[in-house]
Enquirer: 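The structure follows.
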Amino acid sequence: LVDAPCSQTGALRRNPDMKWAYSDERLWQWVAQQREIFEAALKYVKDGGKIVYATCSTLDEENAQQVRFFCEKFGLYLSHPPLHALPQTKGMDGFFCATMERR
């Protein structure tokens, strides 16, 4: 499980002041860090093994775009459709989760 550090946009409902700390520059720093962490974790996944990528973000750049990048760069495929919960869903925080497998 890669529970990646992120912008935490899924928790804005509970922490609205976080929006003042957000910047595009910081977002791209998170994206780069997520890729580094994922690549390091992938070294422990054997052929046919699974890896789960999760964030508490609602941003496509940290979620679906990252999964596309991981699949293309590392030859992975999605085991199941990703789970993308939005903050307005059932009064909980937003988050994203995707399970990928090695070929």
Side-chain angles (χ1 to χ4, degrees):
L1 168 63
V2 175
D3 185 4
C6 66
S7 63
Q8 302 176 17
T9 54
L12 282 173
R13 178 182 61 83
R14 286 186 299 115
N15 302 302
D17 291 347
M18 287 183 350
K19 68 182 172 188
W20 303 115
Y22 175 86
S23 72
D24 286 343
E25 179 182 338
R26 188 67 182 122
L27 171 63
W28 297 118
Q29 290 172 355
W30 287 120
V31 168
Q33 186 178 30
Q34 292 159 357
R35 290 178 180 184
E36 289 173 15
I37 292 169
F38 186 89
E39 187 169 3
L42 195 56
K43 293 175 185 173
Y44 298 98
V45 179
K46 64 182 182 177
D47 288 344
K50 296 181 181 184
I51 187 166
V52 177
Y53 173 76
T55 71
C56 62
S57 172
T58 58
L59 300 177
D60 199 45
E61 293 86 350
E62 295 181 282
N63 298 328
Q65 289 180 25
Q66 286 289 58
V67 169
R68 270 193 300 276
F69 174 84
F70 299 147
C71 289
E72 289 172 10
K73 181 169 183 179
F74 302 112
L76 306 172
Y77 67 95
L78 282 170
S79 299
H80 308 282
L83 175 60
H84 196 170
L86 298 174
Q88 65 267 28
T89 306
K90 300 181 184 176
M92 62 185 183
D93 288 349
F95 66 91
F96 178 87
C97 182
T99 303
M100 292 160 273
E101 291 186 52
R102 279 193 181 248
R103 297 186 189 272

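Small disclaimer: the values here were computed from a predicted structure and weren't measured.
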Enquirer: Can you list the residues that meet the side-chain contact (heavy atoms from CB on, under 4.5 Å) rule with Thr58, with sequence neighbours excluded?
Expert: Thr9, His84, Leu86, Pro87
Enquirer: Taking only residues two or more places apart in sequence, or in another chain, which ones meet Arg102 in a side-chain hydrogen bond (donor to acceptor under 3.5 Å, both in side chains)?
Expert: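 For Arg102, no residue satisfies side-chain hydrogen bond (donor to acceptor under 3.5 Å, both in side chains) once neighbours in sequence are set aside.
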Enquirer: Just verifying a value: how many Å separate Phe74 CZ and Glu39 CD, rounded to the nearest 0.5 Å?
Expert: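 Nearest 0.5 Å value for the CZ-CD distance: 4.0 Å.
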Enquirer: Does NZ or CZ of Arg35 fall inside the cone over Phe69's six-membered ring, less than 6.0 Å from its centre and within 45° of the axis?
Expert: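 The answer is yes; both the distance and angle limits are met.
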Enquirer: Return the set of residues passing side-chain hydrogen bond (donor to acceptor under 3.5 Å, both in side chains) with Arg13 (not counting sequence neighbours), or none when no residue passes.
Expert: Asp93
Enquirer: Sequence neighbours left out, cut at 3.5 Å: what donor-acceptor pairs do the side chains of residues 24-31 make with other protein atoms?
Expert:
unit_1: Asp24; atom_1: OD1; unit_2: Tyr22; atom_2: OH; d: 3.1
unit_1: Arg26; atom_1: NH1; unit_2: Gln29; atom_2: OE1; d: 2.7

Enquirer: What is the distance from atom OG of Ser79 to atom NZ of Lys50, rounded to the nearest 0.5 Å?
Expert: 4.5 Å
Enquirer: With a 4.5 Å cut-off on side-chain heavy atoms, are Phe38 and Met100 touching?
Expert: yes
Enquirer: When rounded to the nearest 0.5 angstrom, what is the spacing between OG in Ser57 and CD in Gln34?
Expert: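 Between atom OG of Ser57 and atom CD of Gln34 there are 7.5 Å.
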Enquirer: Using modelled atom types only, decide if a donor and an acceptor are shared between the side chain of Asp3 and the backbone of Thr55 within a distance under 3.5 Å.
Expert: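 Not confirmed, Asp3 side chain does not pair with Thr55 backbone.
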Enquirer: Can you list everything that forms a side-chain contact (heavy atoms from CB on, under 4.5 Å) with Tyr77? Sequence neighbours excluded, please.
Expert: Glu101, Arg103
Enquirer: Gln65: what forms a side-chain hydrogen bond (donor to acceptor under 3.5 Å, both in side chains) with it, not counting sequence neighbours?
Expert: Asp60
Enquirer: Side chains of Glu62 and Ser7: any donor to acceptor distance under 3.5 Å?
Expert: yes
Enquirer: Got Tyr44 and Ile51 here, is their nearest side-chain heavy-atom distance under 4.5 Å?
Expert: no
